[in-house]
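Atom set for the values below is all heavy atoms of this structure, side chains included, hydrogens, waters and symmetry mates excluded.
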Amino acid sequence: MLHEAKYLGKQVDYPQTYAPNMLVAVPRVLNREYYALDEKNLPFVGVDSWHAYELSFLTTRGLPVSGLLKLVYSATNPSLVESKSLKLYLNSFNMHTFGGTAQEGIEEVTTIITTDLSKLLETEVSVHFFSTETEAHDFDFENYLILENQKHVNELSFTHYTETPALLTTESHTTLIKVASHLLRSNCKITHQPDWGTAYIHLKGAKTPTLDGLLAYLISIRNENHFHEEICEMIYKRLWDAFQPDELAVTCIYTRRGGIDICPSRVSDINLLPKYLSNSQV
């Protein structure tokens, strides 16, 4: 049975007590082999950033504590955590008691989650809990051109809705483009439920994609069935192969589903990582 199919698409009872056994790791190599990404020589570094909006638990006095949990871990570790398994795992804290005070409980819960996920994913997972009174920093992608907002876009025709790399046509001059599209859509690999998001692309090199071709390519992902992390790596790999850029950064900000969003970022240099997204503390 596929790792990712253990819970997805199936009716599963939510655990009523702390249940680390619910967590499922999905090997990244399963998808990377398809796109000829060599695990020992990846053309990027990056992080996967998760925001879980529904973490809650009880103190030993029965006081509910709720807030936002942010998780950040490296994209170069062997596995990703399957999203429904993480949701089931986090919900197992809901009726469990931790700490005599809210702060003691937060420290205990974040330590447990850090330990469980770091063991599962074989990498250091950075975890931070934001109380309902605390605002986490928003994503700060400044001065990005929104591709679909260009005036002439209404005159274009789009006919490809399965991933079509041939749409990535070339302009030959050294430049930097910082573009985004809110039209990113893909589907869950197992359930085929739609996932909606925004793609941010920073690309610098002697060859760059035409903006119309890049928009058409991003739209062509609409019927692809992949996890969010896999979509981000697919876009990165296609751009890397087509343009051999000096700098490349691809970040996919997906909207939340089931109380969790997953926001992967892949970059050619660690200095290109988004400032806030890659930091679990903000």
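- S181 and E148 form a side-chain donor-acceptor contact under 3.5 Å, judged by distance and modelled atom types alone.
- Scanning both residues, G62 and P64, for their nearest heavy atoms gives O-CD, 3.3 Å.
- Remark: side-chain polar atoms of R256 are not paired, donor with acceptor, to backbone N or O of I262 under 3.5 angstrom.
- Hydrophobic cluster membership is shared by W240 and Y34, with clusters built from Ile, Leu, Val, Met, Phe, Trp and Tyr side chains linked at under 4.5 angstrom.
- The cluster map of Ile, Leu, Val, Met, Phe, Trp and Tyr, joined by side-chain heavy atoms under 4.5 Å apart, puts L183 and L156 in the same cluster.
- In this structure, CD in E230 is found 10.0 Å from OG in S186, a value given to the nearest 0.5 Å.
- Side-chain contact between R28 and L37 is absent, with no heavy atoms from C-beta onward closer than 4.5 Å.
- D269 and V45 make their closest contact through C-CG2, 4.2 Å (heavy atoms, listed as atom of the first residue, atom of the second, distance).
- Judged purely by atom type and a 3.5 angstrom limit, S220 has no side-chain atom pairing as donor or acceptor with the backbone of H160.
- Relative to the six-membered ring of Y217, R238 misses at least one condition, a distance below 6.0 Å or an angle of at most 45° to the axis.
- Using bins of under 30°, 30° to 60° and over 60° for the plane-to-plane angle, the ring pair F141/Y144 lands in the perpendicular bin.
- Distance CG/D38 to CD/E33: 10.0 Å, rounded to 0.5 Å.
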So I221 and I235, side-chain contact (heavy atoms from CB on, under 4.5 Å) or not? Walk me through it. CA-CA 9 Å; I221 296 170; I235 296 171; 3.7 Å; yes

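- The minimum heavy-atom distance linking T169 with G213 is given by the pair OG1-CA, 4.2 Å.
- Looking at heavy atoms from C-beta onward, L218 lies in side-chain contact with I201 at the 4.5 angstrom threshold.
- Transitive grouping of hydrophobic side chains (ILVMFWY, heavy atoms separated by less than 4.5 Å) brings V109 and L71 into a common cluster.
- Of all the heavy atoms in S92 and A19, the pair that sits closest is OG-N, 3.0 Å.
- Sequence neighbours left out, not one pair with a member in residues 197-215 passes salt bridge (charged side-chain N to carboxylate O under 4.0 Å, His left out).
- Interatomic distance, NZ of K87 versus CD of E82, reported as 11.0 Å (0.5 Å rounding).
- Here CE of M22 is found 8.0 Å from OG of S85. Values are rounded to the nearest 0.5 Å.
- Taken to the nearest 0.5 Å, the CG atom of L90 stands 11.0 Å off from the OH atom of Y18.
- Between the side chain of T110 and the main chain of E107, a donor-acceptor pair closer than 3.5 Å is present.
- Taking each heavy atom of T251 and I253 in turn, the nearest pair found is CG2-CD1, 3.7 Å.
- One N or O on the side chain of R185 and one on the backbone of R222 form a donor-acceptor pair closer than 3.5 Å.
- Summarising the geometry, atom CG belonging to L248 is positioned 10.0 Å from atom CZ belonging to F243; distances are rounded to the nearest 0.5 Å.
- Looking only at atom types and distance, the side chain of E224 has no donor-acceptor partner in the side chain of Y161 under 3.5 Å away.
- The shortest distance between side-chain heavy atoms of F129 and L55 falls below 4.5 Å.
- Although no hydrogens or angles enter the test, the distance criterion places a donor-acceptor pair under 3.5 Å between the side chain of E108 and the main chain of G99.
- Side-chain polar atoms of H192 and N187 form no donor-acceptor pair below 3.5 angstrom.
- Using a distance-only test at 3.5 Å, with no hydrogens or angles considered, a donor-acceptor pair links the side chain of K70 to the main chain of N279.
- Pairing each heavy atom of I260 with each of W50, the nearest pair is CG2-CE3, 3.6 Å.
- Judged purely by atom type and a 3.5 angstrom limit, T164 has no side-chain atom pairing as donor or acceptor with the backbone of L167.
- Taking the side chain as every heavy atom from C-beta outward, C232 and R266 approach each other to under 4.5 Å.
- Within 6.0 Å of atom CG in L176, more than 12 heavy atoms from other residues, nucleotides or ligands are found, so the atom counts as buried in its surroundings.
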For F44 and E233: C-alpha separation, side-chain torsions, deciding distance, then whether side-chain contact (heavy atoms from CB on, under 4.5 Å) applies. CA-CA 9 Å; F44 54 72; E233 292 187 3; 3.6 Å; yes

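- Taken together through direct or relayed side-chain contacts under 4.5 Å among Ile, Leu, Val, Met, Phe, Trp and Tyr, V153 and L211 form part of one hydrophobic cluster.
- No side-chain heavy atom of L117 sits less than 4.5 Å from a side-chain heavy atom of Y73.
- The side-chain heavy atoms of N31 and F227, taken from C-beta on, include no pair separated by under 4.5 Å.
- Between H202 and Y200, the ring center distance fails the sub-6.0 Å criterion.
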Where do V65 and I106 land on the side-chain contact (heavy atoms from CB on, under 4.5 Å) test, with the steps shown first? CA-CA 8 Å; V65 180; I106 289 169; 4.2 Å; yes

Walk me through whether L214 and L203 qualify under side-chain contact (heavy atoms from CB on, under 4.5 Å). CA-CA 12 Å; L214 181 54; L203 187 150; over 6 Å; no

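- In the hydrophobic cluster analysis, where Ile, Leu, Val, Met, Phe, Trp and Tyr join through side-chain heavy atoms closer than 4.5 angstrom, Y89 is grouped apart from V72.
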Taking distance alone, no hydrogens or angles, what donor-acceptor pairs closer than 3.5 Å link side-chain atoms of residues 119-127 to residues at least two apart or in another chain?
from: S126; atom 1: OG; to: S280; atom 2: OG; distance (Å): 2.3

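- There is no side-chain donor-acceptor pair under 3.5 Å between H96 and T17.
- Here the side chains of C263 and Y254 are not in contact, with every heavy-atom distance at 4.5 Å or above.
- In this structure the side chain of K237 never reaches within 4.5 angstrom of the side chain of L42, judged on heavy atoms.
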